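Computed from heavy atoms alone, side chains included, the values below leave out hydrogens, waters and symmetry copies. These numbers were taken from a predicted model, which means no experiment stands behind them.
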Amino acid sequence: QVQLVESGGGLVQSGGSLRLSCAASGSFLSINAMGWYRLPPGKSRELVATIGSGGPPVYGDSVLGRFTITRDNARNTVYLQMNSLKPEDTAVYYCYGQMVLRGKGWDRYERENWGQGTQVTVSS
């Protein structure tokens with residue numbers, strides 16, 4: 001089984017910063033893309049940022065220039081540095097990873113896994 005655990009969420013004032021972390025553990029061979037989606041209250045899920053095993057990162061338009069995604073492959077961890085936070089950034093942030101799993105014989109396959117989410121609240 002695979003587990004993704006987010007941390008670093010919390011309450012911050014507008015203009016502040018937070019750093020989210022997501023550590024993957026369990027049975028997998030490697031991780032291809034890792035990234036973050038968010039679910040604002042009353043809205044649909046939206047892409048925050050994603051990064052492949054070798055980059056480059058891709059950002060949602062609403063966070064471009066303010067957020068930075070990085071990953072530490074040795075620790076199977078992805079980070080999201082969030083600067084210049086706005087109230088509209090308030091959401092539950094979900095980490096995902098595209099894990100490469102061992103199948104039958106020589107087979108390998110990719111499966112998407114999700115964390116439980118961490119709440120980010122930005123006050124005015």
Side-chain angles (χ1 to χ4, degrees):
Q1 61 179 8
V2 176
Q3 187 177 27
L4 293 166
V5 180
E6 302 103 332
S7 62
L11 176 64
V12 65
Q13 291 186 329
S14 181
S17 298
L18 286 173
R19 184 173 183 255
L20 305 183
S21 299
C22 175
S25 62
S27 181
F28 53 87
L29 298 176
S30 61
I31 308 175
N32 289 332
M34 300 187 77
W36 300 86
Y37 279 77
R38 68 186 183 186
L39 183 61
K43 298 181 179 180
S44 300
R45 185 185 68 176
E46 63 182 18
L47 172 70
V48 178
T50 185
I51 184 169
S53 60
V58 176
Y59 296 95
D61 290 341
S62 62
V63 308
L64 186 65
R66 300 186 297 121
F67 292 9
T68 302
I69 186 171
T70 57
R71 63 187 288 176
D72 185 340
N73 292 329
R75 296 181 181 273
N76 294 319
T77 300
V78 64
Y79 305 93
L80 184 68
Q81 179 66 47
M82 304 185 294
N83 298 326
S84 301
L85 283 162
K86 306 174 182 179
E88 50 262 46
D89 294 319
T90 296
V92 178
Y93 284 70
Y94 295 93
C95 171
Y96 77 90
Q98 295 178 337
M99 276 66 176
V100 178
L101 307 177
R102 188 186 304 277
K104 298 179 181 178
W106 296 100
D107 289 343
R108 302 291 185 270
Y109 67 98
E110 185 181 86
R111 189 179 189 279
E112 188 174 80
N113 293 94
W114 292 85
Q116 294 299 305
T118 185
Q119 177 70 48
V120 172
T121 303
V122 184
S123 62
S124 301

Notebook entry, point to check: Is Val2 close to Arg111 at the side-chain level, that is, under 4.5 Å between some pair of heavy atoms?
Noted result: no
Check: If we only count heavy atoms from C-beta on, is the Gln119 to Thr90 side-chain gap below 4.5 Å?
Finding: yes
Item checked: Aromatic contact, Tyr59 with Phe67 (centres under 6.0 Å) -> no
Next item on the list: For the residue pair Asn32 and Ser53, confirm or rule out a side-chain donor-acceptor distance under 3.5 Å.
Entry: no
Next item on the list: Describe, in one word, how the ring planes of Trp114 and Tyr94 are oriented to each other, choosing from parallel (under 30°), tilted (30 to 60°) and perpendicular (over 60°).
Entry: perpendicular
Checklist line | Other residues, nucleotides, ligands: >12 heavy atoms within 6.0 Å of Asp61 CG | finding: no
Check: Does Glu46 CD have over 12 foreign heavy atoms under 6.0 Å away?
Finding: yes
Note to self: Pair Leu20, Glu6 - check side chain to side chain contact (heavy atoms under 4.5 Å, CB included), show working.
What the structure shows: CA-CA 7 Å; Leu20 305 183; Glu6 302 103 332; over 6 Å; no
Check: Does a side-chain heavy-atom distance below 4.5 Å link Gln81 with Ser17?
Finding: yes
Check: Are any non-hydrogen side-chain atoms of Ile31 and Val78 less than 4.5 angstrom apart?
Finding: no
Check: Quick one: are Leu4 and Met99 in side-chain contact, heavy atoms under 4.5 Å?
Finding: yes
Check: For the residue pair Arg102 and Tyr109, what are the closest heavy atoms and their distance?
Finding: O-CE2, 3.9 Å
Next item on the list: Might you point out which heavy atoms bring Tyr79 and Ser21 nearest each other, and give the distance in Å?
Entry: CD2-OG, 3.2 Å
Note to self: Are there over 12 heavy-atom neighbours, none belonging to Arg108, within less than 6.0 Å of that residue's CZ?
What the structure shows: yes
Item checked: Residues Arg38 and Ser62: side-chain donor-acceptor under 3.5 angstrom -> yes
